[in-house]
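Below is one structure, written out as structure tokens; comments come after it.
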Amino acid sequence: MQITWTQEQRERREKFRRFGAEQVAPGAAERDRSGTFHSDSWKALADEGFWTAHVPVEHGGEGGSLWDFLAGLEGLALGADDSGFVLTAVAHAGLVHVLLEHGTTEQKARLLPPLMSGAVGATAATEPTGGSHVAAVHTRATVHDGGRWLLSGDKSHITNAPVADILLVVGRLDGIGKRDITLFVVDRGMTGVSTGEPEDLLGQRTSPTGPIHLRNVPVTEANIVGPAGDGLTTLYSFLAFDRLMYGIVVASQLEALLPATIARTSSRQAFGTAIGNHEYVQDKVVAMRTTVEASRHLAYAAADALIRRDSSYNALASCAKLAASEGGVTSALELVQIFGHSGYDRTQGVERRLRDAVAIRIAGGTTEMQKKNIYKDVVERFATQGS
Ligand SMILES: Cc1cc2nc3c(=O)[nH]c(=O)nc-3n(C[C@H](O)[C@H](O)[C@H](O)COP(=O)(O)OP(=O)(O)OC[C@H]3O[C@@H](n4cnc5c(N)ncnc54)[C@H](O)[C@@H]3O)c2cc1C
């Protein structure tokens, strides 16, 4: 398993850390208050080549490895100080990943160039009736005429929906029997596709999130990604990738907070000494560091399993997500505690970390869903060994 970046990957990580710090971070607190997506930075990110790293040369990419892309993502999350902007990148990366893994040559040739140059992607599974039980979606493509269907349904809480150009939609396909879950890729400009008002969320407020409405959208085989009727397998591989990215992103975001944390614990005095000399305070910093390392290395292990096509991929990705989301919330809560009243003050920039962190327990599959995945994997792997 690779856990040491090459020189080129280190340079890429540093390039996008600097991009995040210089281009994205300024104004992040203000955008959090107003709920504004930094669309200029989104275009600039594409112009800097963020999306080309692991896309094959024949589709306009650099032909690198998944690690090359992850190095850039890790750098961006380290520098950006704008969790919503990074969440938008994670959602977009999920669509790129599905196309790379499951798209046809025609779909890659048609969709990857715009997705690498500033178009925004979204992946829509959740519906107003629920998100955890993804196989229970109601969105459905009904037979229209030979080789054509009309896709209708509603999606909610979709990252990037208000600004997305290309949407991956989880639905059902009529006429193919019981296993009918299918993924459809549609353009925002297609007849019958519309989006609603951005949602007013607790955290991740700089990432535009909202509903998608589909009314008799005409789709053909060219809109189907992965095998028709086997969309759950395709969706699970997307979700696992999403989850491993959360491990990388949360680790970097927490790591970026450590210098300010140590500056505070070293300078703030209580009982005649720096608060960092009190062991209960040290304990909180230790927990932050442990979350950084656990999330990151579980994510690396999941990426390695993905590259090797190892069956541990799904469970490792859930482990990474669980460590990142639960550790992220605990760390952010304790960060508020370390900063005391300043941590609780909305003008000081600490409490936003907690609001952002809570979202990661829900987006990409809740904490409970990760536990279900991990438990199922343990049973499948180890049940027979004990008997
Ligand atoms: C910031 C953000 C961004 C998001 N972006 C996207 C996106 O891009 N695309 C998308 O499709 N969705 C997105 N979502 C939606 C997200 O995937 C869903 O909110 C999530 O899957 C949970 O669905 P739900 O909210 O309907 O909760 P429900 O499914 O109604 O579940 C409610 C509660 O019950 C628990 N629960 C349900 N079933 C079980 C069970 N069997 N055992 C134990 N507990 C259970 C859940 O864990 C949860 O705590 C986003 C959400 C957020 C917060």
Side-chain angles (χ1 to χ4, degrees), residues 90-108 110-112 115 121-144 147-161 164 166-188 190 192-193 211-245 306 309 311 313-315 317-318 363-366 369 372-373 376:
V90 164
H92 182 91
L95 172 55
V96 171
H97 177 75
V98 171
L99 290 171
L100 287 174
E101 291 273 313
H102 306 283
T104 62
T105 305
E106 184 279 324
Q107 286 167 342
K108 289 178 193 171
R110 176 163 51 93
L111 300 169
L112 289 173
L115 288 170
T123 300
T126 307
E127 300 192 345
T129 46
S132 297
H133 190 188
V134 283
V137 292
H138 297 93
T139 296
R140 178 176 290 277
T142 51
V143 177
H144 180 44
R148 281 158 55 91
W149 297 270
L150 295 176
L151 181 66
S152 295
D154 296 291
K155 299 289 177 183
S156 351
H157 324 315
I158 308 304
T159 300
N160 300 345
I166 299 168
L167 314 161
L168 186 74
V169 175
V170 182
R172 324 194 81 95
L173 187 63
D174 262 1
I176 57 168
K178 222 173 163 207
R179 283 171 62 85
D180 60 351
I181 299 284
T182 301
L183 301 192
F184 303 88
V185 67
V186 297
D187 284 0
R188 184 198 190 77
M190 284 171 73
V193 178
I212 298 170
H213 309 294
L214 306 150
R215 294 289 174 269
N216 294 324
V217 181
V219 289
T220 67
E221 215 168 284
N223 299 99
I224 295 176
V225 181
D230 199 19
L232 273 185
T233 310
T234 316
L235 178 66
Y236 290 149
S237 92
F238 155 77
L239 285 173
F241 187 63
D242 207 39
R243 291 163 185 172
L244 92 78
M245 285 191 287
L306 166 61
R309 308 286 161 187
S311 64
Y313 169 47
N314 266 297
S318 281
T366 62
M369 294 305 108
K372 264 170 63 97
N373 272 355
K376 182 168 168 280

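Only this structure's heavy atoms are used, side chains among them; waters, hydrogens and symmetry mates stay out.
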Which distance, rounded to the nearest 0.5 Å, do you find between the CG of N160 and the NE2 of H92?
8.5 Å
R140: what forms a salt bridge (charged side-chain N to carboxylate O under 4.0 Å, His left out) with it, not counting sequence neighbours?
D174, D180
When you compare the side chain of T139 with that of L151, does any pair of heavy atoms fall below 4.5 Å?
yes
Given side chains that start at C-beta, do those of K155 and V137 come closer than 4.5 Å, heavy atoms only?
yes
Atom of S156, atom of P128 and distance for their closest heavy-atom approach:
OG-N, 3.0 Å
Working to the nearest 0.5 angstrom, can you tell me the gap between L95 CG and D242 CG?
11.5 Å
With rounding to the nearest 0.5 Å, note down the distance linking CG in D230 to NE2 in H102.
9.5 Å
Rounded to the nearest 0.5 Å, how far apart are CZ of F241 and OG1 of T123?
11.0 Å
To the nearest 0.5 angstrom, please state how far the CD1 atom of I158 sits from the CG atom of L167.
9.5 Å
Just how far is it from atom CG of L173 to atom OG1 of T142, taken to the nearest 0.5 Å?
9.5 Å
Residues passing the side-chain hydrogen bond (donor to acceptor under 3.5 Å, both in side chains) test with H213, sequence neighbours excluded, are D154
Please set out all donor-acceptor pairs under 3.5 angstrom arising from side-chain atoms of residues 220-229, sequence neighbours excluded.
{"residue": "T220", "atom": "OG1", "partner": "A222", "partner atom": "N", "Å": "3.2"}
{"residue": "N223", "atom": "OD1", "partner": "T220", "partner atom": "N", "Å": "2.9"}
{"residue": "N223", "atom": "ND2", "partner": "V185", "partner atom": "O", "Å": "3.0"}

